[in-house]
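Down below is the structure, laid out as structure tokens.
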2 protein chains.
Amino acid sequence: MDVTATHSEAACRGVSEILSRVGDKWTIQVVVALRSGSRRFNGLKREVNGISQQMLTRTLKTLERDGMVERAVRDTTPPQVEYTLTPLGHSLSDTARQLAQWATQHRDRIAENRERYDSRRMAEDEG
Amino acid sequence: MDVTATHSEAACRGVSEILSRVGDKWTIQVVVALRSGSRRFNGLKREVNGISQQMLTRTLKTLERDGMVERAVRDTTPPQVEYTLTPLGHSLSDTARQLAQWATQHRDRIAENRERYDSRRMAEDEG
DNA sequence: CAGTATCCGAGAGGATACTG
DNA sequence: CAGTATCCTCTCGGATACTG
């Protein structure tokens, strides 16, 4: 297999697609909340801080469609719906952890860079 | 340090922030284009297929602000501006490669899942 | 060449009200 | 409880015209 595959345009767009899929505001947080086991709808809503009903519904539906999450309905009253991470979902969460490490490692550095950049811009605008 | 740090709410939001920062349509493609060396504005524009002037400008400015890219102006006529990946930018591109691998490995699987889900939904809508 | 300025449409995401 | 439906706003991103 060609080692340059990950440099090709197609591969690159593939990553971009995955990233924009996974890089929305809630997907990763929901996946992470599901790592330790199944959750029900309102349980997730409580655990993922700040998410609206609407966005939780959308996020779960997309995750289900992609095969990252399994939805199991227990037909009781009131109805109980359990969401569980599939193996594919777990593998995503592992990869996300890699990114989490990068993020936490460089977060401060990036924040510094931004401050420096912004204050420099401020100075230029005034000068 | 607590090993569960990557599970904490704060860490999780950190990842989300990085992901949404990096998960836009162009950032990764620009970074990848810069991996092999410095480029000039229109060179990048040619290399990153489909990007508009506006978005290239915005993307580069944000990358510069975050300290991922360095901007060097050669004051000639016409002016030449060279963009170069910083060490931080390189480390990002390495992490992106991890994700690229995950993406290429599971892309087909995800596509299958989507088709299955959609056809099932179609069937339900008709039934 | 390397941008800036402006306008526009599409979609993300929030708030709220309603339903089986 | 677990959603759906609706409305509204704001940002992303494309197109185009203009500038030093």
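Letters A, B, ... are given to chains in the order of the sequence lines, protein chains preceding strands, and every chain is numbered from 1.
- A donor-acceptor contact shorter than 3.5 Å links the side chain of T86(A) to the backbone of M68(A).
- Across all strands shown, K61(A) has heavy atoms under 4.0 Å from sugar-phosphate atoms exclusively, and none from any base.
- Under the 4.5 Å side-chain heavy-atom criterion for Ile, Leu, Val, Met, Phe, Trp and Tyr, V81(A) and V31(A) are members of the same hydrophobic cluster.
- The residue R71(A) sits close only to the backbone: its heavy atoms come under 4.0 Å of sugar-phosphate atoms, none of a base.
- Residues N113(A) and G67(B) approach most closely at ND2-CA, 3.6 Å, considering heavy atoms.
- Residue-level contact check: R40(B) touches the backbone only, with heavy atoms under 4.0 Å from sugar-phosphate atoms and none from bases.
- With respect to the salt-bridge test (charged N to carboxylate O, under 4.0 angstrom), the residues R114(A) and E17(B) qualify.
- Between R58(A) and V81(A), the residue whose closest nucleotide on DNA chain D is further toward the 5' end is V81(A).
- The nucleotide range of DNA chain D contacted by chain A, defined by atoms under 4.0 angstrom from heavy atoms of the protein and reported 5' to 3', is dC1(D) to dT6(D).
- Mapped onto DNA chain C by nearest heavy atom, K25(A) and P79(B) fall at different nucleotides, with P79(B) at the one closer to the 5' end.
- Residues L88(B) and L19(B) are members of one and the same hydrophobic cluster, defined by side-chain heavy-atom contacts under 4.5 angstrom among Ile, Leu, Val, Met, Phe, Trp and Tyr.
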Worksheet item: For K25(A) and M55(A), what are the C-alpha separation, side-chain angles and deciding distance, and is it a side-chain contact (heavy atoms from CB on, under 4.5 Å)?
Response: CA-CA 9 Å; K25(A) 199 173 175 184; M55(A) 285 315 295; over 6 Å; no
Discussion item. Applying side-chain contact (heavy atoms from CB on, under 4.5 Å) to L44(B) and L34(B), what does each step give before you reach the verdict?
Written reply: CA-CA 8 Å; L44(B) 278 172; L34(B) 284 169; 4.1 Å; yes
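- Atoms CD (Q53(A)) and P (dG14(C)) sit 13 Å apart, rounded to a whole Å.
- The bend of the helix from dC1(C)-dG20(D) to dG20(C)-dC1(D), defined by the angle between the axes of its first five and last five pairs, stands at 40° to the nearest 10°.
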Item to complete: With side-chain contact (heavy atoms from CB on, under 4.5 Å) as the test, would you mind laying out the steps for V30(A) and L60(A) before giving the verdict?
Response: CA-CA 8 Å; V30(A) 170; L60(A) 285 170; 4.0 Å; yes
